[in-house]
Each structure stands twice: as C-alpha cells, then as structure tokens.
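Just so it is clear: chains get the letters A, B, ... in the order the sequence lines come, proteins before strands, and each one is counted from 1. Note: hydrogens, waters and symmetry copies are ignored here, and every other heavy atom, side chains too, is used. Note that the structure is a prediction, hence the values are computed from the model and not measured.
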Amino acid sequence: MSATKDCITVTVELCGRLADAGDPFVSVAIPAAGCTAAELLACVAHDCPALKDDIDLGRVKVCITDAVVSAEARLLPHDRIALFPPVSGG
Amino acid sequence: MSATKDCITVTVELCGRLADAGDPFVSVAIPAAGCTAAELLACVAHDCPALKDDIDLGRVKVCITDAVVSAEARLLPHDRIALFPPVSGG
Amino acid sequence: MSVDVRLSLEPIDPMQLLGQFTRLLEEEGAVVSFSGHARRTAADGTALESLVLESHRGATLRSMETIAASATSRFAITRAMVVHRAGHIAPGEAIVFVATASAHRRAAFEAADYLMDRLKTEAVFWKREETALGSRWIEPVEADHADAARWAPPRD
Amino acid sequence: MSVDVRLSLEPIDPMQLLGQFTRLLEEEGAVVSFSGHARRTAADGTALESLVLESHRGATLRSMETIAASATSRFAITRAMVVHRAGHIAPGEAIVFVATASAHRRAAFEAADYLMDRLKTEAVFWKREETALGSRWIEPVEADHADAARWAPPRD
C-alpha cells in the first residue's frame, strides 16, 4: 500500500481565534493507525497553512475528548479532537 | 452648700453582662457641674457594689451618646450615659 | 462611593441583600459578599436555642459605620454594604451580611475580609448563647484576634 | 463535601444562586460569594456591545471541575458552587459566580479567592470583546497572572 492509502481523514475542531480564518471544523489526514498529538499538529500545519505559524511557535494545544494532552499522547481516528490556542480564563 | 447638695442623680445604662445583677438602668449621684468619665466610674463603683470589681480591673468603658470616651472626657448631667463591658464583636 | 450600613432587629436575608446590592452596580466588575450564620451548637457542645446579640442604640451603629468608613478609605472599592442583625437569632439564621464592589476583584475580596475581621472584634455587641442549660456570655475567640491583627492599625 | 459546578449558556443571577447555595447550609457558619460582571467599556475604551466567552464542550466544564476539586482539597470548606456563563454576555451581566461555605470564615474567603484566581487564568475559555469597531480577542491581564502566582502550585 502507498503512504496515501494508510491515511484517514479526521475532523478537528478549531477553538477560539484559531477559527478566525474560516470554518471552525477542518479535515486533516492522519495515519489510519493513529498518531501522536505532535504528529497531528504537523499534519494540521501541512494541511492548513493559516495555522502553521501558531503551531510552529508552540501556541496550539491538542484536546482529546475533554482534556488537553501532551505531545506524546496517542490519538485515534475516532477520537473527538480539538485544537486550543492559549486560554483566556473566565 | 454641703457636698451632698452639689450632686445630681443621673441614669446610667448598663450594657451586656453588666446588667446581669439586675436592672439595666441604675441611678448614680454625680457632681451637678458634671465630672470626668473616670469620676463617674468611681461614683458607680461606690453606688453599685456589684460593678466595683469590673471597674477596678479597668474592664468598664464609658459611652456618651454613641461613642466610647477616654477617662478624662467630661460628661454633663443631661448626657445619655452607658457603661460597656468588653465588646464581643459581631 | 456609596456605603450602606444597617442594624436590623428583624431577620436578614443574604440573598435579598445581595440582590439589592447588585442592582445598584454601575461600572464595577467584581462583587464579594460574606454572610455569617448562627451555629446550631453552643461553645459547650449543647444545642443552641438562640444566639443573642445585645446592642447599644447609637454606639453599635456608629461602630459599624466607623469600620465601614475605614474599609472604604483603605481599599479601592466603590460600594459597600454592612448589615448586622441584633437581638435573638435562631440557629442557621444570618447574623451579618457584608458586600463590597470594585473595578478589580482583589480590592473587593480584601475589603470584605477586613470588614469581617474588624466587625468580629470591634463592633459594639455583647453576645450570649442560650441553651437548655441557661445563658452564657461569649467573647471573641483567639482566631478572631489573630485575623484582625493581620491588618495594619486603622487610621481612625 | 458538596461541589456544584455548572456551565451556563443562559444569563446567571448571583442573587438566585446565593439563595440556592444558602438554602443547603447545615452547620456552616460562613459563606463567601463572588460574582464577576461584564464591564461596560472594552479594553480600548470604546463601549462594549458584548463580551463573548467561547467554550469547548467537555474541556471547559472539566477545567472548572478540576479547579473546584483543587480548592476543596486545599481549604477546609464543606461546600462550593462554581457557575460560569458562556456565550454572548451583555454589559453588566454576571460572567461567573462562586460561593464557598465553611465552619470558620478564613477558609471560605481563601477558597473563593483561590477559585477566582485559577478560573481567571486556567479555565478553558476564549474571550473576545465586541464593539462598534469590531471584535477583539483578549487574554488574561498581568494582574490575573500575579494573583494566581500567590498560591503554591496545584497538586492536580
């Protein structure tokens, strides 16, 4: 199989100002077997150029279900995934 | 005039536990020309033996109208006078 | 600056007082309230029938006003309310309600804290607990004096 | 110990929430409440039309619950309520309400203060101000970080 065939498209929710550029949901191709949060961010930076600077500067965190996860955390295609810019607090 | 004729009777309100011994209002003879708060306390200690110990131990303060006054403050027969034990706070 | 100081011989309701206080807000971003309630147990462990706060007409309200004025001069608050109950208070009922408002929350927190520390030690009240065993005068506890000592002496 | 944490998309009323909280009191002697209200002026000085708090289904409530749990483990409180508004908030409306109850007042004051410091910096919200000039994202101000730094790092 080619590398392309091993990928699957997941929907990622963009929170706060990350959604300023357009749709708050973007489709991102990740390995079908899942990947780490850091790898997801690399995929997003590739697929969504508008987010690349924030990601490169370490300003974007990955949330799975209801918790921010570390760079090494693994996520699976069926996870509910969101990207957070720095929170503002209440 | 004799010393007795120079005196006048004032009503003094006893607050808190000072009234435990009986009536919350006591009559005390003070000089008709007025006296200091310290002199009033001496008169009360003489006329109301139940209050003597607290007064001698410095546990009683004199209130005129709506304020606690110092030992040297002068009070006149028409003043509204009360004696305070230590306050408990709210 | 608006300061509302009241001595009440009737029950007081913290919820209604907070409503009155909040309705008057203008530009304030922060509101802190405190309410103190009569415990169900006396200091000696028996069930409390009534907490009695004796007050003095004139001196009690004046002592509350002095404490409130000191708080408004020390902290950047724009509005304060101090309502104290006197007389016979049933277990669970509110004894005191304090509210403060300010642009930024630190001032409102500190002013409410300060108001309570001074009210608990300096307000002109004489407190006694009534239980089935009789009546007993109570004085500020050590913790109250320690709390009040956290602040620099008042300028008033 | 009872902790009530809510995220509300509808307006919240500090008076009613304090009433709900106070009705459940048992042996507690002290209740502290805080409410934070949307200002009438945006950071740039223009009139605020709306404060918008964006939240994330799941993560926002969980962040509030984590902060509340940390407060109940650090302070001798017996009851806490944390209610946060999300969505479009009009000037003057309440953004957040916090209440704490304890046997002695110091714990209730400190826990409410701590809850607010952490909510203002760590709760999962993204805030923007809408004025006639447009919309602008805002971040915690320096004072919020300084306030939060007063406490030892949370154990959670």
Side-chain angles (χ1 to χ4, degrees), chain C residues 12-41 47-48 51 91-117 119-120 141-144 146-148 150, chain D residues 12-41 47-48 51 91-117 119-120 141-144 146-148 150:
Chain C
I12 61 175
D13 180 348
M15 177 182 94
Q16 288 199 341
L17 293 170
L18 183 63
Q20 290 172 22
F21 187 75
T22 306
R23 264 195 294 283
L24 297 173
L25 289 184
E26 291 170 3
E27 189 54 17
E28 294 92 346
V31 175
V32 170
S33 83
F34 175 87
S35 59
H37 299 258
R39 297 204 166 77
R40 291 169 202 281
T41 312
L48 192 69
L51 178 69
E93 284 186 345
I95 304 167
V96 58
F97 176 84
V98 158
T100 53
S102 58
H104 303 289
R105 69 184 180 285
R106 185 113 322 279
F109 268 117
E110 289 183 344
D113 198 6
Y114 173 85
L115 280 167
M116 282 311 305
D117 282 351
L119 286 167
K120 292 291 279 186
V141 296
E142 198 47 53
D144 290 323
D147 284 344
R150 296 180 305 142
Chain D
I12 62 175
D13 180 347
M15 179 181 93
Q16 289 198 340
L17 294 170
L18 182 64
Q20 290 172 21
F21 187 75
T22 306
R23 264 194 294 283
L24 297 173
L25 289 185
E26 290 169 4
E27 191 53 18
E28 294 92 345
V31 175
V32 170
S33 83
F34 176 86
S35 58
H37 299 259
R39 297 207 166 74
R40 290 168 202 282
T41 311
L48 191 70
L51 178 69
E93 285 187 343
I95 303 166
V96 58
F97 176 83
V98 158
T100 53
S102 59
H104 302 288
R105 70 183 182 284
R106 182 115 325 280
F109 267 117
E110 289 183 345
D113 197 6
Y114 173 86
L115 281 166
M116 283 310 308
D117 282 350
L119 287 167
K120 292 292 279 186
V141 297
E142 197 48 53
D144 290 322
D147 284 343
R150 296 179 307 142

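- Looking at residues two or more places apart in sequence or on another chain, you find a salt bridge (charged side-chain N to carboxylate O under 4.0 Å, His left out) between R106(D) and D113(C), D117(C), D147(C).
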Just list the side-chain donor-acceptor pairs under 3.5 Å for residues 12-21 of chain C, sequence neighbours left out, or say none.
residue: D13(C); atom: OD1; partner: M15(C); partner atom: N; Å: 2.9
residue: Q20(C); atom: OE1; partner: R6(C); partner atom: NH1; Å: 3.3
residue: Q20(C); atom: OE1; partner: R6(C); partner atom: NH2; Å: 2.8

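- At a 4.5 Å heavy-atom cutoff, T100(D) makes no contact with chain C through either its backbone or its side chain.
- Heavy-atom proximity under 4.5 angstrom to chain C picks out L25(D), E26(D), E27(D), E28(D), G29(D), A30(D), V31(D), V32(D), S33(D) from residues 23-33 of chain D.
- Heavy atoms closer than 4.5 Å to chain D are found in both the backbone and the side chain of A112(C).
- Every side chain to side chain donor-acceptor pair (under 3.5 Å) that S35(D) has, sequence neighbours left out, goes to H37(D).
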